[in-house]
Amino acid sequence: MRSVGASHIGKVRTENQDRIFFHDQPVGNLKNLYIVADGMGGHRAGGHASSFAVERFVQLIEESKQTDPIELMKSSIASVNQEMIAESQSNEEYRGMGTTFVAATISDGKVTVMNIGDSRLYYGNKELKQITVDHSYVEEMVAMGMMQRGSADYNRKKNIITRAAGIRPDIVPDFFEEELERGDYILLCSDGLSNMVDNDTLCSIILSEGSLKEKAQRLIAEANERGGTDNIAVVLVKPEEGGMGSC
């Protein structure tokens, strides 16, 4: 198992509110753990939200005696959510803070994924498949047949998030499990990457020659080349050695 992570402020924002975590060795009862969080809120609130969520989630994972990955992540993010709400209510500076959150762990050839918001997880070795489903206004409209993905209206409103940690007590994450094939890559990212770089280009960069670190740097450079309108966070994982794929 090999992984790299990188985050960049982008070209427009004055603060980087994206946070990442990547660890190829056991974290508590998980064999490994990978996280991307994208904070939201006013001055300082967004950065605090994503930092707190990632750090507290990892701490709770380390302390828990749960062994089932889904139950372990579910109980940990529920505690994080409640603690964030309590802090935002008691501290005016953090009022209204929230964060997207996508986390993954890999075991026995399978990736288990949890997400809240529109930070994403992709996997594949010939094409990139998006496992997560964005919790956003536009994706809800698409699901109801009331909007076309990629339309002008979709692009104008795709930053409207309908679910985030720390926003309300009843937030429920989505969970996904997928079997991995030899040669698969796993990409976790914030919308600062996925909104700027299309899937074909993501795939082309990930399957290009070079180290994982070089590929992560190329992904960030491509997002900035296309405008860099938001913070950019990337965690790139190679579960096992395998042949190069093709897009």
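The analysis underlying the following values was restricted to heavy atoms, covering all of them including side chains, and did not include hydrogens, waters or symmetry mates.
- One N or O on the side chain of Asn29 and one on the backbone of Gln66 form a donor-acceptor pair closer than 3.5 Å.
- Here the closest non-hydrogen pair linking Ser119 and Val36 is OG-CG1, 4.2 Å.
- In this structure, Val172 is not a member of the same hydrophobic cluster as Ile116, with clusters built from ILVMFWY side-chain heavy atoms closer than 4.5 Å.
- Under the 4.5 Å side-chain criterion, counting only non-hydrogen atoms from C-beta, Leu121 is not in contact with Asn115.
- At least one donor-acceptor pair under 3.5 Å links the side chain of Asp24 to the backbone N or O of Ser3.
- Inter-residue side-chain proximity for Pro69 and Leu30 is flagged as met; some heavy-atom pair is nearer than 4.5 Å.
- Residues Leu193 and Leu207 are members of one and the same hydrophobic cluster, defined by side-chain heavy-atom contacts under 4.5 angstrom among Ile, Leu, Val, Met, Phe, Trp and Tyr.
- Legend: residues meeting salt bridge (charged side-chain N to carboxylate O under 4.0 Å, His left out) with Lys11, ordered by chain and number and at least two apart, are absent.
- In this structure Glu179 satisfies the salt bridge (charged side-chain N to carboxylate O under 4.0 Å, His left out) test with no other residue, sequence neighbours excluded.
- In this structure, Asp174 and Thr132 have side chains that are not in contact, with every pair of non-hydrogen atoms separated by 4.5 Å or more.
- Annotation: the span from Ile70 atom CD1 to Phe175 atom CZ amounts to 6.5 Å, rounded to 0.5 Å.
- Screening residues 187-228 for ring-ring contact (aromatic ring centres under 6.0 Å, His included) gives no qualifying pairs among residues at least two apart or on separate chains.
- With a 4.5 Å cut-off on side-chain heavy atoms, Val102 and Val113 count as touching.
- Met84 and Met40 sit in two unconnected hydrophobic clusters of ILVMFWY residues. Membership requires side-chain heavy atoms under 4.5 Å apart, directly or through other members.
- Pairing each heavy atom of Val4 with each of Leu212, the nearest pair is CG2-O, 3.4 Å.
- Screening residues 45-59 for side-chain hydrogen bond (donor to acceptor under 3.5 Å, both in side chains) gives Arg19-Ser51, His48-Glu87, Arg56-Gln59, Arg56-Glu83, Gln59-Glu63 as the qualifying pairs, with residues at least two apart or on separate chains.
- Rounding to the nearest 0.5 angstrom, the gap separating the OG1 atom in Thr14 from the CD1 atom in Ile9 is 6.5 Å.
- For the side chain to side chain donor-acceptor pair (under 3.5 Å) test, no residue two or more places apart in sequence or in another chain qualifies with Asp38.
- No donor-acceptor distance shorter than 3.5 angstrom exists from the side chain of Thr99 to the backbone of Ala49, with no hydrogens or angles considered.
- With sequence neighbours left out, the side chain to side chain donor-acceptor pair (under 3.5 Å) criterion links Arg168 to Asp170.
- Residues Ile61 and Leu72 are in side-chain contact: their nearest non-hydrogen atoms beyond the backbone lie under 4.5 Å apart.
- Listed here is the closest heavy atom pair of Arg120 and Ser194: NH1-CB, 3.8 Å.
- Counting heavy atoms from C-beta on, the side chains of Val197 and Leu219 never come closer than 4.5 Å.
- Residues satisfying the salt bridge (charged side-chain N to carboxylate O under 4.0 Å, His left out) test with Glu71, not counting sequence neighbours, are Lys74.
- Using a distance-only test at 3.5 Å, with no hydrogens or angles considered, no donor-acceptor pair links the side chain of Asp230 to the main chain of Gly10.
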Apply side chain to side chain contact (heavy atoms under 4.5 Å, CB included) to the pair Cys189 and Tyr122, showing each step before the final yes or no. CA-CA 9 Å; Cys189 66; Tyr122 299 86; 3.9 Å; yes
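- Proximity of a side-chain donor or acceptor of Arg2 to a complementary backbone N or O of Val237 within less than 3.5 Å is not detected.
- Closest of all the heavy-atom pairs between Arg218 and Gly210 is NH2-CA, 4.1 Å.
- Two different hydrophobic clusters hold Ile161 and Phe52 under the rule that ILVMFWY side chains link at heavy-atom gaps under 4.5 Å.
- A pairwise comparison of heavy atoms in Met73 and Ala103 identifies SD-CB, 4.2 Å as the closest pair.
- Shown here are the side chain to side chain donor-acceptor pair (under 3.5 Å) partners of Thr105, two or more places apart in sequence or in another chain: Asn32.
- For the atom pair CD of Gln89 and CZ of Arg95, the computed distance is 7.5 Å after rounding to the nearest 0.5 Å.
- We find the CG-CD distance between Leu187 and Gln130 to be 10.5 Å, quoted to the nearest 0.5 Å.
- Every pair tested for ring-ring contact (aromatic ring centres under 6.0 Å, His included) that includes a residue from residues 8-34 fails, sequence neighbours excluded, so the list is empty.
- With contacts defined as side-chain heavy-atom distances shorter than 4.5 Å, the pair Lys110/Asp108 does not qualify.
- Side-chain atoms of Lys215 and Tyr185, non-hydrogen and from C-beta on, do get closer than 4.5 Å to each other.
- In this structure, Asn81 contributes its side chain and Gly166 its backbone to a donor-acceptor pair below 3.5 Å.
- A donor and an acceptor atom, one from each side chain of Thr100 and Asp118, are nowhere located under 3.5 Å apart.
- Grouped by direct or indirect side-chain proximity (heavy atoms under 4.5 Å, Ile/Leu/Val/Met/Phe/Trp/Tyr only), Ile85 sits alone.
- For the side chain to side chain contact (heavy atoms under 4.5 Å, CB included) test, residues two or more places apart in sequence or in another chain that qualify with Leu180 are Ile106, Val111, Tyr123, Asp184, Ile186, Pro239.
- Counting only N and O atoms by type, the side chains of Ser7 and Asp18 include no donor and acceptor under 3.5 Å apart.
- Within 6.0 Å of CD in Glu225 there are 12 or fewer heavy atoms belonging to other residues, nucleotides or ligands.
- Heavy-atom minimum distance, Met196 versus Gly192: CG-O, 3.2 Å.
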Please test Ile205 against Thr201 for side chain to side chain contact (heavy atoms under 4.5 Å, CB included), starting from the C-alpha separation and ending with a verdict. CA-CA 6 Å; Ile205 291 172; Thr201 305; 4.0 Å; yes
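- Aromatic pair Phe101/Phe57: centroids less than 6.0 angstrom apart.
- At distances below 3.5 Å, not a single donor-acceptor pair connects side-chain atoms of Arg163 with backbone N or O atoms of Gly117.
- With Ile35 as the partner, the side chain to side chain contact (heavy atoms under 4.5 Å, CB included) test is satisfied by one option alone out of Val58, Leu188, Val235, Ile20: Val58.
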Can you list the steps and then say if Glu222 with Arg226 is a salt bridge (charged side-chain N to carboxylate O under 4.0 Å, His left out)? CA-CA 6 Å; Glu222 187 69 24; Arg226 299 187 183 208; 2.8 Å; yes
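- Partners of Thr112 under the side chain to side chain donor-acceptor pair (under 3.5 Å) rule, at least two apart in sequence or in another chain, are Glu177.
- A 6.0 Å sphere centred on CD of Glu178 holds more than 12 heavy atoms belonging to other residues, nucleotides or ligands.
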